[in-house]
Amino acid sequence: MIKETIVNGAHNAPHRSLYKALGLTREELDRPLIGIVSSYNEIVPGHMNLDKITQAVKLGVAMAGGTPIMFPAIAVCDGIAMGHVGMKYSLVTRDLIADSTEAMVMAHGFDGLVMIPNCDKNVPGLLMAAARLNIPTIFVSGGPMLAGRVDGKKRSLSAMFEAVGSYKAGTIDDCKLCEYEDKACPTCGSCSGMYTANSMNCLTEVLGMGLQGNGTIPAVYSARIELAKHAGMQVMELVRKNIRPRDIMTKEAIENAITADMALGCSTNSMLHLPAIANECGVEFNLDYVNTISERTPNLCHLAPAGPTYMEDLNEAGGVYAVLKELTKLNLLNTNVMTVTGKTLGENIENATNLDKETIRPIDNPFTKTGGIAVLKGNLAPDGCVVKRSAVAKEMLVHEGPARVYESEEEAISAIYAGKIKKGDVVVIRYEGPSGGPGMREMLSPTSAIAGMGLDKDVALITDGRFSGATRGASIGHVSPEAVSGGPIAYVKEGDIISINIPEYKIELKVSDDELSKRRKEMPIKRKENITGYLKRYAQMVSSADKGAIINR
């Protein structure tokens, strides 16, 4: 055990004295030390219940013969950070979380870990840390929020942002906007649709790093506390059997995750996080392979924002396991991969049942025959860009229109609210990539403004930044190379015609190669001035989006 190098022997008496300063007994020091990495805080709604989850995990560890010791991980609320400078600090925390967790574990010699994340960046950040540290580890999230209700219909955070667009368009008044504000987010938990947090918590189950229900049991259900206790008990089994994250998160498991992503209709942000996790696992992730998997994988779920169902509905329908069971009917998964249960994926889902054939469509009656995410390529995005096609209106799957070019999210939002965007337009927002932003801001505000103003079936958005999992419509992000790296998006001019063909995975700027070469000489790259601190270091070290915006060490 790792702690033997710190705890045992006469030469470690000083170390033991410090453990005893914590109130630990010799008996506790003789047991495996289990680090409980809790993202609990009082600012993120998805994390306000993690103190209870943490206590349940600690109880489970102790019940199974371990000594639980908690330390924290940070988390940013993407919703609160949305639309201002704070969003520059969201994606960048993924690496802070991974790095700080690595530091704490290596400094203190834990034998095993229980990771307790919930929201957007601390789920992948902790998965990256788990792969990097490679000691027995299990995950248990805080669970999704229940959907709100307005006018007798289920609502969520995306409806709240779209309500702002409707208010600006004059279709709802102050009273109705306030009603949305009061009712859209009624409980603690990660926001109630298939947004980034819930996408990654569901994919944690698929990767084999979380127990059944990790992604779908609502935060306010007592079953979530039971799950946490079982996770605490199960980590002790992983320690005893020495089952480690890189035994679980193999190439085959990551391919399973991509496949499930397509079926579930997950957030496009998964196309940043899965490559980063794969990188830590030593597994090559080729963005081109995403379309290969998408072509053979039916989309079985249309959860909000793509449709009217929510995480609570997916949970009642049988959860992630029921989706995986449908996928096995076409032999789309490798079911022999190991999981934290100590059993294979196939053994885990053997008795799974689809209890709601509208929330989870049967494999022979999918929403679409292809997956929820598509990677587009062309002269505007030579290295690729990403769209959540399951949330795109049929009218916008193929689109061609004039570019309306903006150098920042703020410029675009101002233009949208001022009524400058017309039907048929293609809004281009650039210099928002990982390095150029810096931080690759998530842009729910402009997409929601367009949807709220009734233009989501008529207007496309393209950016080297990224979009929220709550985004719907023809919102195409992760354009690579990004503008600050000299990508073609830097040389788009107002009025240029852009062609989008999602079924054929194509995106084209209708400008000749000669004209683009001329523009490269005439149009200077616009770098942000006065970037300091962590953002400056991040901008200097981060890779392009098609590589997962990883830190190039």
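When reading the values below, keep in mind they use all heavy atoms of this one structure, side chains included, and skip hydrogens, waters and symmetry mates. Along the sequence shown, the residues carry numbers beginning at 1.
Only one option out of S468, S190, S158 pairs with Y195 in a side chain to side chain donor-acceptor pair (under 3.5 Å); it is S158. Each of D78, I80, I74 was scored for a side-chain contact (heavy atoms from CB on, under 4.5 Å) with V76, with one residue passing: D78. Exactly one of D288, D546, D383 qualifies for a salt bridge (charged side-chain N to carboxylate O under 4.0 Å, His left out) with K377. That residue is D288. Among the candidates L207, V337, V283, the single residue satisfying the side-chain contact (heavy atoms from CB on, under 4.5 Å) test with M249 is L207. For the side-chain contact (heavy atoms from CB on, under 4.5 Å) with P434, the qualifying choice from M541, H478, M440 is M440, the only one to do so.
Taking the side chain as every heavy atom from C-beta outward, I360 and C301 approach each other to under 4.5 Å. Counting only heavy atoms from C-beta outward, the side chains of L303 and L264 never approach each other to under 4.5 Å. The side-chain heavy atoms of M200 and D120, taken from C-beta on, include no pair separated by under 4.5 Å. Within the 4.5 Å cutoff, the side chain of I258 has no heavy atoms near those of the T297 side chain. Contact check for P275 versus K547: no side-chain heavy atoms found under the 4.5 Å cut-off. Side-chain contact between I116 and I36 is present, with heavy atoms from C-beta onward closer than 4.5 Å. In this structure the side chain of S199 never reaches within 4.5 angstrom of the side chain of N269, judged on heavy atoms. Looking at heavy atoms from C-beta onward, L133 lies out of side-chain contact with F110 at the 4.5 angstrom threshold.
Remark: side-chain polar atoms of R296 are not paired, donor with acceptor, to backbone N or O of T259 under 3.5 angstrom. A donor-acceptor pair under 3.5 Å is formed between the side chain of N256 and the backbone N or O of N334. Under a 3.5 Å cut-off, the side chain of S480 and the backbone N or O of E482 do not form any donor-acceptor pair. The backbone N or O of C191 sits less than 3.5 Å from a side-chain atom of N198, completing a donor-acceptor pair. The backbone N or O of L345 sits nowhere less than 3.5 Å from a side-chain atom of T339 that would complete a donor-acceptor pair. For the pair R224 (side chain) and N214 (backbone), a donor-acceptor distance under 3.5 Å is present. A donor-acceptor distance shorter than 3.5 angstrom exists from the side chain of D464 to the backbone of Y431, with no hydrogens or angles considered. A distance-only check finds no donor-acceptor pair linking the side chain of T196 to the backbone of S267 [under 3.5 Å]. Here the side chain of E432 pairs no donor or acceptor atom with the backbone of R441 at under 3.5 angstrom. At distances below 3.5 Å, at least one donor-acceptor pair connects side-chain atoms of S294 with backbone N or O atoms of G371.
N348 and T341 form a side-chain donor-acceptor contact under 3.5 Å, judged by distance and modelled atom types alone. At a cut-off of 3.5 Å, with distance as the only test, no side-chain donor of T368 or R389 sits close to an acceptor on the other residue.
Taking CD of E312 as the start and CE of M145 as the end, the distance is 11.5 Å to the nearest 0.5 Å. The structure places NZ of K325 at 6.5 Å from CG of N351, a figure rounded to the nearest 0.5 Å. How far OG of S390 is from CE of M194: 9.5 Å, rounded to the nearest 0.5 Å. K121 NZ to C77 SG: the interatomic distance, rounded to the nearest 0.5 Å, is 10.0 Å. To the nearest 0.5 Å, atom CZ of residue R466 and atom CE of residue M87 are 6.0 Å apart. Summarising the geometry, atom CD belonging to E237 is positioned 11.5 Å from atom CE belonging to M233; distances are rounded to the nearest 0.5 Å.
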### Query
So L126 and I97, side chain to side chain contact (heavy atoms under 4.5 Å, CB included) or not? Walk me through it.
CA-CA 7 Å; L126 290 176; I97 291 161; 3.6 Å; yes

### Task
Take H47 and Y40 through the test side chain to side chain contact (heavy atoms under 4.5 Å, CB included) and record every step on the way to the result.
CA-CA 5 Å; H47 293 218; Y40 168 72; 5.6 Å; no

### Candidate pair F285 and I277, rule side chain to side chain contact (heavy atoms under 4.5 Å, CB included), full reasoning
CA-CA 9 Å; F285 189 107; I277 295 162; over 6 Å; no

### Query
Hey, mind stepping through L91 and Y538 against side chain to side chain contact (heavy atoms under 4.5 Å, CB included) and telling me if it holds?
CA-CA 10 Å; L91 180 60; Y538 184 87; 3.7 Å; yes

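N354 pairs by the side-chain hydrogen bond (donor to acceptor under 3.5 Å, both in side chains) definition with E326, not counting sequence neighbours. Not counting sequence neighbours, the partners of H302 by the ring pair (Phe, Tyr, Trp, His ring centres under 6.0 Å) test are F367.
Residue V479 comes nearest to A381 through the heavy atom pair CG1-CB, 4.0 Å, listed as atom of the first residue, atom of the second, then distance. Closest approach of I462 to I500, counting heavy atoms only: CD1-CD1, 4.1 Å.
Looking at K388 and D261, no side-chain N of the basic residue comes within less than 4.0 Å of a carboxylate O on the acidic one, giving no salt bridge.
Atom CD of E284 has 12 or fewer neighbouring heavy atoms from other residues, nucleotides or ligands inside a 6.0 Å radius. For K506, the NZ atom sits in a loose shell: 12 or fewer heavy atoms of surrounding residues, nucleotides or ligands are nearer than 6.0 Å. The number of heavy-atom neighbours closer than 6.0 Å to NZ of K329, taken from other residues, nucleotides and ligands shown, is above 12. Shown here is M48, whose CE atom has no more than 12 heavy atoms of other residues, nucleotides or ligands within 6.0 Å.
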